[in-house]
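Taking it in order: structure first as structure tokens, then the write-up.
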Amino acid sequence: VIITINRDINATKHDFSEAGTRGMVRALNAFYTYQGEGPWAGWPAIFWRLAGCNIGSKEDCPWCDTKFDLASSREEGSAQLAYYLNNWPMAKMLVITGGEPLLQWQPLVDIIKTTESVRAIRHRSLVIQMETNGLLLREEMMHEAFMRGINFVISPKVPHNRGEYAPIPAWFNSYPSLISLKYVVSADPLSPYHDIPPDAKDCSNRLRTYVSGMTEYKRPVNFGERASLWNDTLIDRESTAGNYAHAARVALEYGHRVSYQTHLLGDVE
Ligand code: SF4
């Protein structure tokens, strides 16, 4: 049984308009750790966690372990980002995550464009990665993303009222160096996440595609507690092991890369 943890509301762009007019985003926290999964797995990274998700009630991804609730958020802008960049000089990348960061795309781009941020990012050749469910990604955003060096790692979700993945937009294939896909899979044959969608199996797809096993929790993560695979009061190791093995099989079958949540091994945030 997959339990739903850290449930919030389904946020809309309207929830951020007030902060946006001041050139700010609503954020929860920032921390220094390593990127556990996807194309930059293992890289030392500053994670900047923004508040709110457009599928925050988590009917679509009940296994999501991220705390992103709007009510606990605060406004942050370019001074705060510059502070984070200076505070963790060893980081090789900036991961903008959520919740769903694309709800706040324009203020985010404006913040990244500020002189202080540009200087810090360029000087250190920091990789910028945005983690998104992709539902709000539009081709018009790609020019700005290219100019600012923003890479998207999209983890598509199955909308519960649709029961299957939305098709991969054809235009994604025009930006194979800026867009990666990461599918989370479950070994449960009844789960909508059991298989990846047909268009993600297509070998002519030029995007980097990753397959990740779903981590299953026995209970919500306590405040301040680090999620660790070694904590068997927290993580259902048996189901998770089955999901990780299933991810390996799916990745091998379609020639994709496998991606595990390696941060769960290191007792890090
Ligand atoms: S889209 Fe991402 S952040 Fe939002 S509820 Fe799902 S897994 Fe969590």
Side-chain angles (χ1 to χ4, degrees), residues 2-16 25-31 33 35-39 45 47-73 95-105 108 129-138 141 151-166 168-169 179-186 188 191-194 196-197 200 210-217 219-221 223 227 234-236 239-240 243-244 247 259-261 263-264 269:
I2 296 175
I3 59 162
T4 304
I5 53 183
N6 303 323
R7 190 189 287 270
D8 195 31
I9 58 162
N10 284 345
T12 66
K13 288 185 182 172
H14 180 73
D15 292 304
F16 307 94
V25 289
R26 297 212 66 90
L28 282 168
N29 59 354
F31 50 94
T33 185
Q35 170 57 285
E37 53 193 324
F47 273 70
W48 192 18
R49 188 175 301 292
L50 306 191
C53 180
N54 52 340
I55 44 181
S57 66
K58 296 190 177 176
E59 283 166 287
D60 297 307
C61 28
W63 36 269
C64 166
D65 59 352
T66 309
K67 288 183 180 161
F68 51 75
D69 60 312
L70 263 175
S72 317
S73 68
V95 180
I96 302 171
T97 187
E100 176 45 63
L102 289 180
L103 283 162
Q104 308 189 73
W105 171 250
L108 262 178
Q129 180 199 334
M130 195 171 283
E131 294 187 331
T132 170
N133 57 40
L135 292 170
L136 302 172
L137 192 61
R138 299 288 176 267
M141 298 171 176
N151 301 273
F152 298 98
V153 176
I154 301 174
S155 184
K157 302 296 179 298
V158 178
H160 68 282
N161 51 4
R162 187 186 162 110
E164 57 183 12
Y165 287 99
I168 299 173
I179 297 179
S180 306
L181 296 170
K182 180 163 61 69
Y183 289 93
V184 177
V185 294
S186 162
D188 177 356
S191 165
Y193 290 98
H194 185 64
I196 60 175
Y210 296 79
V211 185
S212 179
M214 188 183 290
T215 302
E216 292 191 32
Y217 289 77
R219 60 166 173 81
V221 184
F223 185 73
L234 179 65
I235 289 176
D236 183 334
S239 310
T240 300
N243 296 341
Y244 280 29
S259 170
Y260 295 125
Q261 292 196 299
H263 51 283
L264 296 177
E269 203 160 350

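Computed from heavy atoms alone, side chains included, the values below leave out hydrogens, waters and symmetry copies. Only a predicted model underlies this, so the values are computations on that prediction, with no experimental measurement involved. Atoms within each ligand, like the ligands themselves, are counted from 1 in listed order.
Below 30°, between 30° and 60°, or above 60°: for Tyr244 and Tyr260 the angle between ring planes is below 30°, a parallel geometry. The aromatic rings of Tyr193 and Tyr165 lie perpendicular to each other, with more than 60° between the two planes, well past the 30° mark.
Listed for the Asn10 side chain is a donor-acceptor partner under 3.5 Å among the backbone atoms of Ser57.
Cys53 SG, 2.3 Å is the protein heavy atom nearest to atom 4 (Fe) of ligand 1. Considering only non-hydrogen protein atoms, atom 8 (Fe) of ligand 1 sits nearest to Cys64 SG, 2.3 Å.
Listed by number with element, the atoms of ligand 1 under 4.0 angstrom from any heavy atom of Asn133 are 1 (S). Under a 4.0 Å criterion applied to the non-hydrogen atoms of Lys157, ligand 1 contributes the atoms 6 (Fe), 7 (S). Within ligand 1, the atoms closer than 4.0 Å to a non-hydrogen atom of Lys58 are 5 (S), numbered from 1 in the order shown.
Residue contact annotation: Cys61 places no N/O/S atom under 2.8 Å from atom 8 (Fe) of ligand 1.
Heavy-atom distances between Ile55 and ligand 1 reach below 4.0 Å in at least one pair.
Pairing each heavy atom of Ser73 with each of Ala51, the nearest pair is CB-CB, 3.4 Å.
When non-hydrogen atoms are compared, ligand 1 lies under 4.0 Å from neither the backbone nor the side chain of Glu100.
Checking Thr240 against Tyr217 by side-chain atom types alone, no donor-acceptor pair falls below 3.5 Å.
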**Message:** Ser191 vs Asp188, test: side chain to side chain donor-acceptor pair (under 3.5 Å). Steps then yes/no.
**Reply:** CA-CA 5 Å; Ser191 165; Asp188 177 356; 5.6 Å; no
